[in-house]
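To start, the structure itself, in structure tokens.
Throughout, protein chains are lettered first and strands after them, A, B, ... in sequence-line order, and every chain is numbered starting at 1. Being a predicted model, the structure only gives us computed values, none of them experimental.
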Amino acid sequence: MNNLQSLRGMVDLLPAQTMSWQFIESFARKHFRKASLEEIRTPILESTELFARGIGEGTDVVGKEMYTFLDRGDRSCTLRPEGTASVVRSILQSGLINQGPQRLWYNGPMFRYERPQAGRQRQFHQLGIELFGFDSVQSDVEVIAIGWDFLKGLGLKDLTLELNSLGTNEDRKNFRTRFVSWLEDRIAFLDKDSQDRLTTNPLRILDTKNEETKKLLLDAPCLQNSLCTKSRERFEDIQATLKFLEIPFKINNELVRGLDYYSHTAFEITSDNLGSQATVCGGGRYDGLVSELGGPETPAIGWAIGMERLILLIEKELNLVNSTPDIYLINKGNQAGEYALFLSRALRQSDISVEIDHTDSAFSKQFKRAYRSGANWAIVLGDNEIVEQRFTLKSIKEKSDSNSKSPLFLFSQIEKLITYLNERT
RNA sequence: GCGGGCGUCGCCAAGUGGUUAAGGCAGCGGCUUGUGGCGCCGCUAUUCGGGGGUUCGAAUCCCCUCGCUCGCCCCA
């Protein structure tokens with residue numbers, strides 16, 4: 001291997017993959033348009049402070065996963081690790097926040113300094129939506145439904161919607177106090193990771209993978225019991241509304257989103273067809289974020305889909321084929337090459353896609369490539385055609401003998417050819 | 001940051017101490033100055049991720065290093 005390689009965790013999207021990406025992106029645009037969401041595009045680079053304040057100093061993302069550096073003016077800059085903080089900053093800066101509720105979507109690269117594995121890269125892409133200015137139960141459910149319908153609409157199966165409520169900041173504070181003191185009494189029975197988290201991020205202990213700790217936690221105080229009546233009723237309303245819409249879900253009380261700004265509704269859509277990183281869509285409500293970043297108190301809710309994970313599912317569950325040209329233009333000889341160029345422009349102007357063979361190699365080779373190109377038709381231009389002022393059209397797809405007697409056309413009759421092709425394809 | 005697996009041609013690979021490193025795909029040329037997935041013939045790695053060591057002899061054994069990959073952590 002030479003040393004000109006992409007950086008670790010930064011991957012190229014080769015022609016074999018871009019078909020799937022385009023498929024998802026165009027489906028997303030249609031889907032979001034129907035949901036009356038507008039696209040927003042924000043810079044990839046932001047001030048470090050935005051993420052530190054928005055995501056939370058104590059989180060792993062801010063603590064050890066950010067691509068942060070000083071620019072030439074000694075400002076601390078960070079490649080965005082997620083989209084929400086930037087979107088909030090943008091609507092505050094532009095004043096959109098004062099123009100009524102906002103319904104937005106975005107799509108773009110995000111960066112986190114982690115060890116790559118299946119379904120995780122250092123540069124990855126998130127497709128997300130954010131609604132600002134709504135606090136109703138219905139707005140939560142609409143956001144979930146938009147995500148659910150999007151993934152279902154793509155044709156994916158084996159999806160599970162997992163749901164939890166984190167309550168208000170107040171609820172979580174109360175729970176944290178009870179939970180930590182309960183754990184401190186049993187600290188000796190905790191695994192090492194959980195002991196560490198007791199001081200850094202105790203709520204995440206609920207997510208432990210350690211079997212012993214899991215058993216221990218069965219008797220632990222749970223967040224649900226610390227929710228105030230209002231929070232609890234709200235969560236029940238969410239569930240009832242999802243049932244009304246016939247969107248299946250599973251309550252997962254261990255679901256604790258890793259970013260500080262979440263409150264009330266938290267959800268993930270997972271798939272069995274991913275590796276250990278099973279979450280394809282994650283989101284929730286974050287009523288405190290806008291004010292945290294200096295704006296007016298504004299309720300907000302959204303989600304993000306990991307594009308690479310979605311691609312994994314699409315490639316596994318769907319069968320997309322790369323596009324092929326309509327016509328492969330075989331030509332040999334300098335003059336034929338010039339005519340081929342001329343002809344290709346006329347055809348392309350009529351929305352017919354054409355691939356020209358520029359190799360000037362033996363006709364037999366060019367035919368082989370024509371076949372492999374996947375084109376339905378081949379046009380042959382050589383000395384004979386030049387002399388006789390015509391070209392030969394052959395069907396590649398229908399390989400019958402009659403095609404060798406395909407009609408001939410004068411150069412001046414390109415329109416006839418176009419009509420003919422349109423009728424045949 | 002911590003574990004496991006793996007690096008032989010553009011791609012997929014066989015080869016586990018002994019003379020010139022299989023094979024397949026793709027590519028190029030020919031059989032066939034101009035007609036189709038096939039067939040046949042020929043060409044394409046002085047070298048096995050990189051560096052050092054052991055040995056008469058290393059792709060094969062040892063050490064170091066780089067990279068990829070899967071998992072932990074965490075998240076999309």
Using atom C1' of each nucleotide, how far apart are B:C64 and B:U54 to the nearest Å? 15 Å
Is A:Arg8 close enough to B:G67 that one of its side-chain N or O atoms is under 4.0 Å from OP1 or OP2 there? yes
Below 4.0 angstrom from OP1 or OP2 of B:U35, is there any side-chain N or O of A:Thr392? no
What nucleic acid atoms does A:Arg112 come within less than 4.0 Å of, heavy atoms only: base, sugar-phosphate, or nothing? base
What does A:Val380 touch in the nucleic acid at a heavy-atom separation under 4.0 angstrom: a base, only the sugar-phosphate, or nothing? base
Nearest-Å distance, CD (A:Glu385) to C1' (B:U35)? 11 Å
Between A:Glu39 and A:Arg33, is there a side-chain N and carboxylate O pair less than 4.0 Å apart? no
Of the listed nucleotides (B:C75, B:C73, B:G34), which one gets closest to any side-chain atom of A:Arg309? B:C75
Measuring only the P atom in each nucleotide, how far is B:C43 from B:G23? A whole number of Å is fine. 11 Å
Give the rounded distance in Å between these two atoms: CD of A:Gln117 and P of B:C68. 14 Å
If the P atom of B:A58 is compared with that of B:C70, how far apart are they to the nearest Å? 36 Å
Across all strands, who's sitting opposite B:U55 as a Watson-Crick or G-U wobble pair, both distances under 3.5 Å? none
Which nucleotide, in any strand shown, forms a Watson-Crick or G-U wobble pair with B:U33, with both distances under 3.5 Å? none
Separation between the C1' atoms of B:G51 and B:G7, rounded to whole Å: 16 Å
Which nucleotide in the set B:C70, B:C73, B:A76 lies at the smallest distance from any side-chain heavy atom of A:Asp60? B:C73
Check this for me, if you would: do A:Asp140 and A:Arg234 make a salt bridge, where the nitrogen-to-carboxylate-oxygen distance has to be below 4.0 angstrom? yes
Inter-nucleotide C1' distance (B:C38, B:C31), Å rounded: 14 Å
How is A:Glu65 classified with respect to the nucleic acid when contacts are heavy atoms under 4.0 Å: base, sugar-phosphate, or nothing? sugar-phosphate
Spacing of the C1' atoms in B:A13 and B:C56 (rounded, Å): 32 Å
Which nucleotide in the set B:A76, B:C70, B:G36 lies at the smallest distance from any side-chain heavy atom of A:Tyr262? B:A76
As its Watson-Crick or G-U partner within any shown strand, both distances under 3.5 Å, B:G71 has B:C2
Taking atom types as they are modelled, is there a donor-acceptor pair under 3.5 Å from the base of B:C75 to the side chain of A:Gln126? no
Paired with B:A45: which nucleotide, if any, by Watson-Crick or G-U wobble criteria at under 3.5 Å for both distances? none
Does a side-chain N-to-carboxylate-O contact under 4.0 Å join A:Glu38 and A:Arg103? no
Can you give me the N/O atom pairs linking the protein to nucleotides 25-31 of chain B at distances under 3.5 Å, or say none if there are none?
unit_1 : atom_1 : unit_2   : atom_2 : d
B:G27  : OP1    : A:Arg372 : NH1    : 3.0
B:G27  : OP2    : A:Arg372 : NH1    : 3.0
B:C28  : OP1    : A:Arg369 : NH1    : 2.9

Complementary nucleotide of B:A21, counting Watson-Crick and G-U pairs under 3.5 Å: none
Taking B:G27 as the reference, what is the distance to B:U44 when you measure between their C1' atoms (whole Å, please)? 8 Å
C1'-based separation of B:U8 from B:U55 [nearest Å]: 22 Å
Under 3.5 Å side-chain donor-acceptor pair for A:Glu355 and A:Ser373: no
